[in-house]
Amino acid sequence: MAEIPKTYEPTAIEEKWYAQWLADGEFTAHPNSQKPAYSIVIPPPNVTGVLTLGHVLNNTIQDILARRARMLGKEVLWLPGTDHAGIATQTVVERTLKKSGAIRHRDDLGRDAFLEKVWEWKEKHGGIIIQQLKKLGCSCDWSRERFTMDAAYSACVSRVFVDLYKKGLIYRGKRMVNWCPASLTALSDEEVIMKPQNGTMYHFKIAVAEEPLTFLTVATTRPETIPGDTAIAVNPSDPRYARFIGKHAIRPLPLHLFGEQKLIPIIGDTAVDFEFGTGVLKVTPAHDKADFEIGQRHRLPVIDVMNSNGTMNAHAGESLAGLDRFEARKVAVEHLRELGFLVKEEPYQNNVGYSERADVPVEPRLSEQWFLKYPSVKQARAVVADGTMKFHPERWAKVYDHWLGGIQDWCISRQLWWGHRIPVWYRREKLDAAIEASVADEMLETALDAGEADLAIPRQELSVKIHGPVVPLGVQDAGGESVAQTSTADIHVGVEPPEDVENWTQDPDVLDTWFSSWLWPFATMGWPEKTQTLARFYPTTDLVTGPDIIFFWVARMIMAGFEWTGEPPFKNVYFTGIIRDKQGRKMSKSLGNSPDPLDLIAGFGADALRFGVMRSAPLGVDILFDEKNVELGRNFCTKLWNATRFRQMHGGETEAEIDPALLTSDDRWILLRLDGAIREVTLALEEYRFSDAANALYRFFWGEFCDWYLEAAKAALGNLGSKEDASESAVELPKIHVLNPASANTLAVIDFTLAHTLRLMHPFMPFITEELWHALGFHDDMPADQGGRTIMFAHWPAPFDDDFKIHYGLTPEADAAALAKHDTVTLGRGLRRDSGIAANKRVRFVLKPAAELPAHDAAVLKILLHAETLDLDPNYLPPRATPVALAPLGELFLPLEGLIDVEAERERIGKEIAKVEQELTKVRAKLGSETFVSGAPAKVVEEHRKREIDWQERLSQLQRISADL
RNA sequence: GCGCGGUUAGCUCAGUGGUAGAGCAUUGCCUUCACACGGCAGGGGUCGCAGGUUCGAAACCUGCACCGCGCACCA
């Protein structure tokens, strides 16, 4: 075995081992193996994405779960892949093409040519994040990598669409949808985020046609939509306004020459809140969901005054047409002001829906879209509610349940090109007729607005003309509720195109990206074929994802799982926190507060990044990312590295048998603590408490093994010789040192501890543990598939059983003995400090032992106290004012020949006495309370009495020492 | 408006009924033969506020304040 370099250099080691693991096929899942299955599907990152800290958190957790499952003897499938991410990818590619000057708009290329470009882009950049996940150490089964637009996967998407259509759950209808004027597509409700806005509430007067000089005042935040108003509504039980119902108002906009303004009806509707605003509502059915519903109830015309990109159209009037909606607002206000109708403007804060992707306000818009009535909602709700599927942390179950309880139909069509095209074809001639009808609609609306049609036309008739379906496919009942598809003659819905495809036109829209993602757990495993992979690894065991996509993805996957496989797709869902910066802000490119994980890996190592992130990510809490955490991870790696070097310098046989007869108190103690660490880490991982597991490893390895055990072991291992000697001898390594049995036994304990610790650490820090596993030769005697080839398959350490503990004398007493020694050392070091002794100065200590002290313990004390000598003298008579500590192992003196400072010692002891008296007062106050003594459990009272005695004894000793001064 | 979290050391967070903790930061000493990406020893907290339950509350209950998030929203 070659000497381990002084500093851990991660890069080369990471590359070496990852390549080795891949070459040996360690990550590949074998459906035929006899082992129990463990599986997890990756939340597919966007195909054009790059690794973020969020991915690091998410995928490190998955890797920990996967690697530990392998060590537990499971057959593990961690299935990776990427998502085509419709809007995001199309936007990125289109923007890039525009920037390069290749096109001004995607229409310049046309659908097919544009899609070709997107595929080119995908081939070129699509692999980046996959390569980055490999750098992180992810043990995914890359042979099973999937993409949501793979041919087989796409076939699944079409298949479920057709299936849902046949079940009557998918329908097409003209409805109010969330329209993104930037992306030019409809969005689902989940893609809209409400943001508070500092806007203005405008109050304007509107004349009542039948009563000269009578005005109503309307409050609105959107005066630019006045041209789209088709009614004024008041609450029928509002005494102020009820009498106006049935009359008409004179709509002020669009402006007309000679004041030929349109009359719109004043209607009564209970939806109007007379507490709010003025109690008079302008009704704009085309641009507000609530208004649309009022419009439906009253059969009001719908006048869309905007173009799809958010600019005003001709219906808005000449002065507004062509303006952006926000520009138009200002102009509309000016018009009202000039007309003398503007009553007041006041600052107003309201919530406005924004497009999540494009970050612009969405426009409620009436349009023809495909909708889905969610399937298997009942089962999806029940499986979480009854605890069959577990959420970690649990509180997300409530959020999930609440959402499913109020679930609305899902708008699944998107006016994009990049995605799964809707598998629906229309007969050409029917479509042409429909387009004519649509044009007729437009003409009617225009006619209405131009005053050529009369609003006195019976409303029902008008409504039929205006609301007649553009394409007669889906139907809705009067309440807007969907009902099953009734007519199938003119449309073809199928996985395959119709045979006479030349007579048909495919629906131009694509499906929402999540309409493919929700099939991920089984579509990636070959569904609907009954593949071995599916049979063996579905349902999956764990899902790890962020709570921000609980509705987008998790809930929908659960429904899809039930609908097409009859089973929930996973057993546990772990929700990570959200990574934020030090100030608690979300990571974003525009803020520039998002460090590149690849830089962090290059600077600190993948293991350091993984450990640092895991250590600071408690269950269910957002993570404030600080590079300091990664530094801590790097430092921990270095510590591990150097502790291993220390072991290696001593040579000797690797992993020799431990002889119970030769065990020291320190050996027993560290074995006990190792057992504790095994239990703690195991339990924490079972409960998905990753940061607790990482902390337990850190505390055990650094705070117990390195700080105490290895330091104490130096006593047992004897003189090493000088540093120079050590490095010289290193040149001749490997060399077998001649070791006495005590030293050999110590090395055996170190090896035992390291071998277990490396395995506990491996899921967190795969690279360094693999390197050291081999460097120390722990793989030598192992079966190839149980740690011989790689630590990946070494068995996860089991807590020690009683036989083991008895055999090695691992008793509570052994633990207490070591702790007594540690406390004694700490007190002795305190004496050094208080006496102003430099840390590097060797001094003489004298211990008046409370009990017989084994030679080994005396030797350890001497080393840990950095003492020149440690005299054990039961009858020691210290010179006056010799600093002394009352330690568990006895009175520890620090004789300061010729340097005695009575005052300093008096002060030191005085402080100590004050402290003890304080504690004594506290405990006596409790014991003096009758209610405590009679009310508290006997055990607690007893414990307090003992505490009182201890403190009292200590106080007496201190007082004696003080008197002797 | 409803719901869910949170409020403990300068910072980030553990701690769920019995002697207030960790990491980072900070102070002092030390380049001692694994490690200065280190060692040793310190300093630092009326546990958001007010009530209540209890022998005993950072922890349990109630109310309030503030911070964050989600859902729903009235123009």
Side-chain angles (χ1 to χ4, degrees), chain A residues 4 6-8 194 201 218-222 225 233 271-284 288 290-291 348 350-351 393 395-396 398-399 402-403 406 547-548 550-551 578 580 582 584 604 608 615-616 618 620-626 628-629 631-650 691-692 695 698-699 703 706-707 710-711 714 719-727 825-826 829-830 832-834 836-842 863-864 866 919 922-923 926 929-937 939-941 943-944 947 951:
Chain A
I4 303 172
K6 182 168 170 177
T7 308
Y8 174 52
M194 301 307 280
M201 180 72 85
V218 179
T220 182
T221 53
R222 301 201 64 188
T225 63
V272 180
D273 176 358
F274 47 87
E275 302 276 313
F276 190 88
T278 59
V280 182
L281 174 69
K282 70 192 258 313
V283 183
T284 325
D288 185 280
D291 287 6
Y348 182 71
N350 64 341
N351 284 320
R395 64 189 152 85
W396 293 111
K398 204 170 172 178
V399 175
H402 183 252
W403 184 74
D548 47 337
I550 186 167
F551 310 140
I578 304 219
R580 299 170 180 281
K582 267 187 279 192
F604 299 101
R615 205 186 143 280
S616 56
V621 177
D622 285 356
I623 296 106
L624 301 197
F625 180 81
D626 186 339
K628 290 270 180 204
N629 290 322
E631 272 181 43
L632 176 132
R634 187 265 321 261
N635 296 350
F636 189 49
C637 287
T638 306
K639 191 74 180 176
L640 172 62
W641 188 258
N642 280 297
T644 307
R645 286 180 73 228
F646 173 81
R647 160 64 188 96
Q648 201 188 35
M649 286 172 67
H650 291 86
S691 68
D692 288 342
N695 272 313
Y698 187 92
R699 186 195 45 71
C706 291
D707 287 350
L710 285 188
E711 293 305 319
K714 287 173 183 174
N719 294 330
L720 257 180
S722 70
K723 194 175 195 172
E724 290 72 28
D725 291 346
S727 55
V825 168
T826 302
R829 287 167 174 170
R832 289 182 62 115
R833 174 197 147 103
D834 292 342
I837 305 213
N840 61 345
K841 192 164 183 234
R842 289 177 182 275
I863 283 206
L864 295 185
H866 202 59
E919 292 298 334
K922 260 158 73 177
V923 79
K926 273 199 160 183
S929 153
E930 183 52 40
T931 49
F932 174 74
V933 177
S934 57
K939 207 179 99 189
V940 173
V941 177
E943 194 267 331
H944 277 74
R947 212 187 290 169
W951 286 121

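Here is the naming used below: chain letters follow the sequence lines, and residue numbers restart at 1 for every chain.
- Applying the salt bridge (charged side-chain N to carboxylate O under 4.0 Å, His left out) test to Arg833(A) and every residue at least two apart in sequence or in another chain returns nothing.
- Nucleotides of RNA chain B nearest to Arg222(A) and His944(A) differ in position, and the one nearer the 5' end is that of His944(A).
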Does the protein touch nucleotides 36-43 of chain B at the base, only the backbone, or not at all? Give it as B, S and - per nucleotide, heavy atoms under 4.0 Å. SBSBSBS-

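- Taking atom NZ on Lys628(A) and atom C1' on U26(B), their separation rounds to 12 Å, with Å as the unit.
- One P atom belongs to C67(B), the other to A72(B), and the distance between them is 23 Å to the nearest Å.
- Qualifying ring-ring contact (aromatic ring centres under 6.0 Å, His included) partners for Phe625(A), counting only residues two or more places apart in sequence or in other chains: none.
- The aromatic rings of Phe551(A) and Trp403(A) lie parallel to each other, with less than 30° between the two planes, well short of the 60° mark.
- Take Leu710(A) and apply the side chain to side chain contact (heavy atoms under 4.5 Å, CB included) test, not counting sequence neighbours, and it matches Ala643(A), Phe646(A), Phe705(A), Cys706(A), Ile750(A).
- Residue Ala643(A) is in base contact, counting any heavy-atom pair closer than 4.0 Å across all strands shown.
- Between A57(B) and G52(B), the two C1' atoms lie 11 Å apart (nearest whole Å).
- Evaluation of the ring-ring contact (aromatic ring centres under 6.0 Å, His included) rule for His866(A) yields no partner, not counting sequence neighbours.
- Checking the phosphate oxygens (OP1, OP2) of C29(B), no side-chain nitrogen or oxygen of Lys841(A) falls inside 4.0 Å.
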Show your working on side-chain contact (heavy atoms from CB on, under 4.5 Å) between Arg395(A) and Lys398(A) and close with a plain yes or no. CA-CA 6 Å; Arg395(A) 64 189 152 85; Lys398(A) 204 170 172 178; 5.9 Å; no

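- The phosphate of U19(B) (OP1 or OP2) has no side-chain N or O of Lys922(A) nearer than 4.0 angstrom.
- Residues forming a ring-ring contact (aromatic ring centres under 6.0 Å, His included) with Phe932(A) (at least two apart in sequence, or on another chain): His944(A).
- Between the P atoms of U19(B) and C47(B), the separation comes to 15 Å (whole Å).
- Of the candidate nucleotides A34(B), G18(B), A75(B), A75(B) has the atom nearest to the side chain of Asn350(A).
- C4(B) and A9(B) have their P atoms separated by 26 Å, with the value rounded to a whole Å.
- For Leu632(A) and G23(B), the CG to P distance is 9 Å, given to the nearest whole Å.
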Anything under 3.5 Å between a protein N or O and an N or O of nucleotides 51-56 of chain B, put it in a table, one pair a line.
| from | atom 1 | to | atom 2 | distance (Å) |
| --- | --- | --- | --- | --- |
| C55(B) | O4' | Thr931(A) | O | 3.0 |
| C55(B) | O2' | Thr931(A) | OG1 | 3.3 |

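- Here G18(B) presents its P atom at 11 Å from CZ of Arg947(A), a figure rounded to the nearest Å.
- In this structure, the nucleotide among C35(B), U19(B), C13(B) sitting nearest to the side chain of Leu624(A) is C13(B).
- When each of Leu624(A), Ile623(A), Asn695(A), Leu632(A) is paired with Ser616(A), the side-chain contact (heavy atoms from CB on, under 4.5 Å) condition holds for Ile623(A) and for no other.
- Leu281(A) comes within 4.0 angstrom of a base, heavy atoms only.
- Across the P atoms, U8(B) and C13(B) are found 9 Å apart, a figure rounded to whole Å.
- Shown here are the side chain to side chain contact (heavy atoms under 4.5 Å, CB included) partners of Asn635(A), two or more places apart in sequence or in another chain: Trp702(A).
- Across all strands shown, C13(B) forms a Watson-Crick or G-U wobble pair, both distances under 3.5 Å, with G21(B).
- To the nearest angstrom, C1' of C35(B) lies 13 Å from CH2 of Trp641(A).
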Write out a two-atom table: protein N or O, nucleotide N or O from nucleotides 66-74 of chain B, distance below 3.5 Å.
| from | atom 1 | to | atom 2 | distance (Å) |
| --- | --- | --- | --- | --- |
| C73(B) | N3 | Asn351(A) | ND2 | 2.9 |
| C73(B) | N4 | Asn351(A) | ND2 | 2.8 |
| C74(B) | O2 | Asp273(A) | OD2 | 2.6 |
| C74(B) | N3 | Asp273(A) | OD2 | 3.2 |

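- When heavy atoms are screened at a 4.0 angstrom cut-off, Arg832(A) is found touching no nucleic acid atom at all.
- Across all strands shown, G70(B) pairs with C2(B); the Watson-Crick or G-U wobble distances both stay below 3.5 Å.
- Taking atom C1' in both G1(B) and A59(B), one finds a spacing of 31 Å when rounded to whole Å.
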Would Met201(A) and Asn350(A) satisfy side-chain contact (heavy atoms from CB on, under 4.5 Å), going step by step from the backbone distance to the final call? CA-CA 10 Å; Met201(A) 180 72 85; Asn350(A) 64 341; over 6 Å; no

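- As a whole-Å value, the separation of Ile623(A) CD1 from U12(B) C1' is 12 Å.
- Separating the CG atom of Asp692(A) from the P atom of A14(B) is a distance of 9 Å, rounded to the nearest angstrom.
- Comparing Ser616(A) and Glu919(A) by the nucleotide of RNA chain B whose heavy atom lies nearest to each, the residue mapping closer to the 5' end is Ser616(A).
- The side chain to side chain contact (heavy atoms under 4.5 Å, CB included) test applied to Asp626(A) returns Lys582(A), Lys628(A), Asn629(A), not counting sequence neighbours.
- The salt bridge (charged side-chain N to carboxylate O under 4.0 Å, His left out) search around Asp288(A) returns none, not counting sequence neighbours.
- Atom-to-atom, CG of Leu710(A) to P of A34(B) comes out at 10 Å; the value is rounded to the nearest Å.
- Distance CG (Asn629(A)) to P (G23(B)): 13 Å, rounded to an integer number of Å.
- When the C1' atom is used for both G56(B) and C69(B), the distance is 36 Å, rounded to whole Å.
- Listed by chain and number, the residues in a side chain to side chain contact (heavy atoms under 4.5 Å, CB included) with Glu943(A) are Arg947(A) (sequence neighbours excluded).
- A pairwise comparison of heavy atoms in Ser691(A) and Arg615(A) identifies CB-O, 3.6 Å as the closest pair.
- Across U32(B) and G39(B), the matching P atoms stand 15 Å from one another, rounded to whole Å.
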